[in-house]
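To start, the structure itself, in structure tokens.
A quick note: this is a predicted structure, and the numbers were derived from the prediction, not measured. Chain identifiers are assigned alphabetically (A, B, ...) following the order of the sequence lines, protein sequences preceding nucleic acid strands; residue numbering begins at 1 within each chain.
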Amino acid sequence: MLDFLGTRQRTNTCGELRAADAGKTVTLMGWVNRRRDHGNLIFLDLRDRYGITQIVLDKEISPEGHPKAEHVRPEYVVAAIGKVRLRGADVINPKMPTGEIEVAATELLVLNDSKVPPFSPAEDAIQNEEVRLKYRYLDLRRPEMQHNLEIRHKVALAVREYLSAQGFYEIETPYLTRSTPEGARDYLVPSRVHPGTFYALPQSPQLFKQILMISGLDKYFQIVRCFRDEDLRADRQPEFTQIDLEMTFPQQETVFRVVEGFLKAAFEVCGEPIVTPFPRMTYDEAIRRYGIDKPDLRLPPMTEVRDVFSAEELASLKIEPGLPIVAIVIPNKTAMSNTQKKAFAQEINAAVAPDLAYLDVERLGSAAQFSALAQRIDAAAAKNCGLARVEPENRLIVVSPRIGATAPARDHLWIYKKAGQLRLDLARRFEGEHKAFEKKGAGDDYKFLWVTDFPFFEWDEETKTWTFAHHPFTSPHESDLIAGRMESDPEAVRALAYDIVLNGLELGSGSIRIHRQDVQQQIFRALGMSEEEAQARFGFFLEALQYGTPPHGGIALGLDRIAMVLAGASSLREVTAFPKTAKAIDLMTDAPTEVSDAQLKELHIRPAVRS
RNA sequence: GGGGACGUAGUUCAGUUGGUUAGAAUGCUGCCCUGUCACGGCAGAGGUCGCGGGUUCGAGCCCCGUCGUCCCCGCCA
């Protein structure tokens, strides 16, 4: 039998009562976390978002409440009315914040019962993520998940407060908008009123925020949902939340200072002080030193070691002399057995084949003819990594191009990228040994980095054309425009585009935009896009550009990813209340689903395939 | 689109070379217990081994297919 709530009100949460509250009469409400039945004495651990408090049902104190407690089960919702009581010295529970007291109930109301849950919110996360997602409401009862959502809330709030104080307005942009089919696939929404036409859910509010700058709103931000119909990853959900901002008359550094400001504020409220400004690195340097455009600075960089090889050494090791040779150090790694080394060598060679090979410096050093070379490589790598020396048992790998290898057309950084992949593979494999990815709590856990000067164009092997590396409204460096490189040397044109990177994770991406119609037309021409095509796709925006567009720029950062890092999680699902699976299914609601024929008819849609 | 890992009780897992009735812990149900806090004690229930097909005298185990979850590559202006 369930009890009615009546006019009862909660007086305290389950996390706040302390020894100083002893003697107070309180009403607590919450979920039964655990029940311990000692016959005439029953303990209930009552849980809510704030914590857990022990309720005692003593047959002598509460002859009516006690029999009710006998039938209470985990996840029942109850109200306990009684007196806060100090626990005896021998029964204080030092593991609980409320462990010095308990509530001696005089009355117990069973407000609701519960089916036996498939897993207990009182325990740590179960392995079976399918079950967690299907019963997400139970999973979210776990303190860990509640804490993660708290982090997310705090970050969003800190960002809002900071940006508002800096003069930014939060302005909403439409979710039902126009499809601009470039880049990611759009989620489409059919129009009922206009048969055969579709809205698209925004991949980002890009054009709207630029138009807000044209409108003179000066500083805009929005914590906004974005949608991309692409395959998922641990750090990619089909709908995700961005901290999106745009400002008028900025230099790159102006944007950097704003972002550094709100990140400092957000990390601060989560108890993780960080140091600003963050280091800057050009794209070119990032690739040469880390082989990737989102370097993880928690591990040492790679070293270009071609200079330490003599011509004879290159020849006898069958290394192509005209190309870079890259050394990778993984510190604090223990030695491997010969069998492990052999298997490892095969694996690595498969990873870098066919144009590249790798040299194990440890092995190189044991051959008399190359021991001096090995020492020179060690020394060069140690110097570059800021180490006193490279320990011999640390895996030091040199990726080298085989004789006859040639760089692919228009990608002279290819060897660095390949080596960079290998560096990350190694880092992941020896994670347990180098421990560089573990939180140390010494204020050194968060390695932020600005990556700047991305190439403006990217060669598309499929279509054999230059395509934009970002979006087509990103401004090139003015000096590259003035020098005429747009026509003479597209590969050398740099974009005023920048990424903010944290521990090897891309947190966000932005740019200074094009504000001049003539430059915009030049870009479209360089991309081989006709005037008509540009008009058809972005006409409304190109029109707006002609009415006094000020120089402007901005950035967007993934709120989910920031929360993920702060929560120490390795998947966005841990910081998203209702996430989707790798196949973009919501296991709780079963979305997406088929819809009725009547609905389809109204939308003028006939599916070609039914599942 | 491609590669990899996994799928056995509600949950976490074990299951030998293919061999009798598929086990443990926990959870669940009932009874007992006045100081537990992962309470304890006794008893009990709980399985289409993801699904379909094949090989075999015999399949949780081997083979093929399929579905699902996770990770990675492609993709993500």
Side-chain angles (χ1 to χ4, degrees), chain A residues 33-47 52-61 66 70-71 73-75 85 87-96 98-99 102 104 115-135 138 180-186 203-204 206-207 226-238 240 350-351 421 424-425 428 454 456-458 460-462 466-474 495 497 506 509 511 523 527 529 537-538 556 558 570-571 573 579-585 587 590 611:
Chain A
N33 199 56
R34 285 200 168 85
R35 173 178 161 276
R36 292 176 294 279
D37 186 344
H38 288 242
N40 289 329
L41 192 67
I42 297 175
F43 299 97
L44 298 180
D45 288 343
L46 203 58
R47 181 193 69 235
I52 292 176
T53 298
Q54 174 167 284
I55 312 295
V56 189
L57 273 298
D58 189 323
K59 208 169 197 172
E60 288 174 13
I61 296 177
H66 179 271
E70 287 183 324
H71 296 104
R73 292 291 178 272
E75 302 313 313
R85 185 165 78 184
R87 297 199 197 182
D90 50 333
V91 290
I92 283 175
N93 185 344
K95 287 183 282 185
M96 294 172 73
T98 61
E102 63 195 4
K115 287 175 71 175
V116 175
F119 59 90
S120 169
E123 314 253 327
D124 289 339
I126 57 168
Q127 290 302 305
N128 189 337
E129 210 175 340
E130 267 178 276
V131 177
R132 282 180 64 197
L133 290 176
K134 178 167 183 194
Y135 299 94
L138 299 178
T180 50
E182 286 294 335
R185 281 176 275 253
D186 284 328
Q203 297 175 25
S204 91
Q206 184 62 37
L207 296 181
C226 300
F227 307 85
R228 292 182 189 170
D229 187 5
E230 294 295 339
D231 288 350
L232 284 73
R233 289 280 191 287
D235 59 358
R236 269 163 37 187
Q237 283 275 315
F240 56 100
Q421 279 172 24
L424 288 180
D425 281 353
R428 223 166 287 156
F454 279 77
F456 192 83
F457 292 107
E458 202 167 69
D460 187 334
E461 259 310 310
E462 266 180 43
W466 289 107
T467 171
F468 36 83
H470 299 271
H471 57 72
F473 310 108
T474 299
E506 182 194 318
S509 195
S511 64
I523 301 297
L527 292 166
M529 197 188 291
R537 283 187 184 173
F538 313 112
S570 52
S571 162
R573 293 184 301 277
K580 294 185 174 57
T581 68
K583 289 234 171 94
I585 306 272
L587 289 176
D590 276 334
S611 55

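The side chain of A/Pro74 has B/C28 as its nearest neighbour among B/C28, B/C72, B/U34. Taking only side-chain atoms of A/Arg236, from C-beta outward, the nucleotide of B/G35, B/C75, B/C70 with the closest atom is B/C75. Counting only heavy atoms from C-beta on, A/Gln54 has its side chain closest to B/C37 among B/G74, B/U69, B/C37. The side chain of A/Leu41 has B/U34 as its nearest neighbour among B/C75, B/U69, B/U34. If you check B/C76, B/A38, B/C28 against the side chain of A/Val116, the one that comes closest is B/C28. Of the candidate nucleotides B/C37, B/A38, B/U36, B/U36 has the atom lying nearest to any side-chain atom of A/His38.
Salt-bridge check for A/Glu506 with A/Arg236: failed, with every basic side-chain N at 4.0 Å or more from each acidic carboxylate O.
The base of B/G74 has none of its N or O atoms less than 3.5 Å from a complementary donor or acceptor on the side chain of A/Glu230. Evaluation of atom-type donor-acceptor distances gives no pair under 3.5 Å for the side chain of A/Arg228 against the base of B/C76. A donor-acceptor contact under 3.5 Å is not formed by the side chain of A/Asp37 with the base of B/C39. Judged by distance alone, with hydrogens and angles left aside, A/Arg85 brings a side-chain donor or acceptor within reach of the base of B/G35, the pair sitting under 3.5 Å.
Separating the C1' atom of B/U20 from that of B/C72 is a span of 45 Å, rounded to the nearest Å. B/U11 and B/G7 have their C1' atoms separated by 14 Å, given to the nearest Å. Rounded to whole Å, the C1' atom of B/G44 lies 27 Å from the corresponding atom of B/U34. Look at the P atom in both B/C62 and B/U26: the space between them is 30 Å, to the nearest Å. Nucleotides B/U36 and B/A25 have their P atoms positioned 25 Å apart, rounded to a whole Å. Nucleotides B/G15 and B/A9 place their C1' atoms 14 Å apart, quoted to the nearest Å. Taking atom C1' in both B/G50 and B/C6, the straight-line distance is 12 Å, to the nearest Å.
The interatomic distance linking A/Asp235 (CG) with B/C75 (P) rounds to 16 Å, in whole Å. With rounding to whole Å, A/Arg87 atom CZ is found 13 Å from B/C39 atom P. A/Leu232 has its CG atom 14 Å from the P atom of B/G68, to the nearest Å. In this structure, A/His71 atom NE2 and B/C28 atom P are separated by 15 Å, rounded to whole Å. Put simply, CG on A/Leu46 is 14 Å from C1' on B/C37, counting in whole angstrom units. Atom pair A/Arg35:CZ and B/C33:C1' shows a separation of 12 Å (rounding to whole Å applied). Rounding to whole angstrom units, CG of residue A/Asn40 and P of B/C39 are separated by 20 Å. Rounded to whole Å, the distance from CG on A/Asn33 to P on B/U36 is 19 Å.
For the salt bridge (charged side-chain N to carboxylate O under 4.0 Å, His left out) test, residues two or more places apart in sequence or in another chain that qualify with A/Glu129 are A/Arg573. Contacts of A/Glu230 classified as salt bridge (charged side-chain N to carboxylate O under 4.0 Å, His left out), with partners at least two apart in sequence or in another chain: A/Arg185.
Put simply, A/Lys583 has a side-chain N or O that comes within less than 4.0 Å of OP1 or OP2 on B/G68. Taking side-chain N and O atoms only, A/Arg185 has no distance below 4.0 Å to OP1 or OP2 of B/C75. The phosphate of B/U69 has neither OP1 nor OP2 within less than 4.0 Å of any side-chain N or O from A/Arg132. Residue A/Arg36 has a polar side-chain atom (N or O) positioned under 4.0 Å from OP1 or OP2 of B/C39. Within the structure, a side-chain polar atom (N or O) of A/Arg73 is placed less than 4.0 Å from OP1 or OP2 of B/U29. Regarding contacts with the backbone of B/G27, every side-chain N or O of A/Ser120 stays at 4.0 angstrom or more from both OP1 and OP2.
Of all the heavy atoms in A/Leu57 and A/Leu44, the pair that sits closest is CD2-CD1, 4.1 Å. Of all heavy-atom pairs spanning A/Glu70 and A/Gly39, the tightest one is OE2-O, 4.5 Å. Across A/Arg132 and A/Phe119, no two heavy atoms sit closer than the pair CA-CE2, 4.0 Å.
Residue contacts for A/Glu130: at a heavy-atom cut-off of 4.0 Å it reaches the sugar-phosphate backbone alone, with no base atom in range. Heavy atoms of A/Gln421 sit nowhere under 4.0 angstrom from any nucleic acid atom. Among the heavy atoms of the strands lying under 4.0 Å from A/Glu60 is at least one base atom, whether or not backbone atoms are also near. Note on A/Asp90: nothing from the nucleic acid sits closer than 4.0 angstrom, heavy atoms only. Residue-level contact check: A/Arg233 touches the bases, meaning some heavy atom is under 4.0 Å from a base atom. Within the nucleic acid shown, A/Lys59 has no heavy atom closer than 4.0 Å to any nucleic acid atom.
Under the Watson-Crick and G-U wobble criteria, each requiring two contacts below 3.5 Å, nucleotide B/A25 is paired to B/U11. Across all strands shown, B/C37 has no partner, as no Watson-Crick or G-U wobble contact with both distances under 3.5 Å is found. The pairing partner recorded for B/C6 is B/G68, the criterion being a Watson-Crick or G-U wobble arrangement whose two distances lie under 3.5 angstrom. The partner of B/G60 cannot be assigned: no Watson-Crick or G-U wobble pair with both contacts below 3.5 Å exists in any strand.
The residue among A/Gly39 and A/Phe43 whose nearest nucleotide of RNA chain B is located toward the 5' end is A/Gly39.
Atom OH of A/Tyr135 is surrounded by 12 or fewer heavy atoms from other residues, nucleotides or ligands within 6.0 Å.
A/Arg35 contributes no side-chain N or O that, together with a main-chain N or O of A/Arg73, makes up a donor-acceptor pair within less than 3.5 Å. Of the possible donor and acceptor atoms, none in the side chain of A/Glu102 sits under 3.5 Å from a partner among the backbone N and O of A/Arg87. Here the side chain of A/Thr53 pairs no donor or acceptor atom with the backbone of A/Leu46 at under 3.5 angstrom.
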For nucleotides 7-13 of chain B, print each protein N/O atom paired with a nucleotide N/O atom at under 3.5 Å, atom names and distance only.
| residue | atom | partner | partner atom | Å |
| --- | --- | --- | --- | --- |
| B/G10 | O2' | A/Pro118 | O | 2.8 |
| B/U12 | OP1 | A/Gln127 | N | 3.3 |
| B/U12 | OP1 | A/Asn128 | N | 2.6 |

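Note: A/Ser509 OG to A/His471 NE2 = 8.0 Å, rounded to the nearest 0.5 Å.
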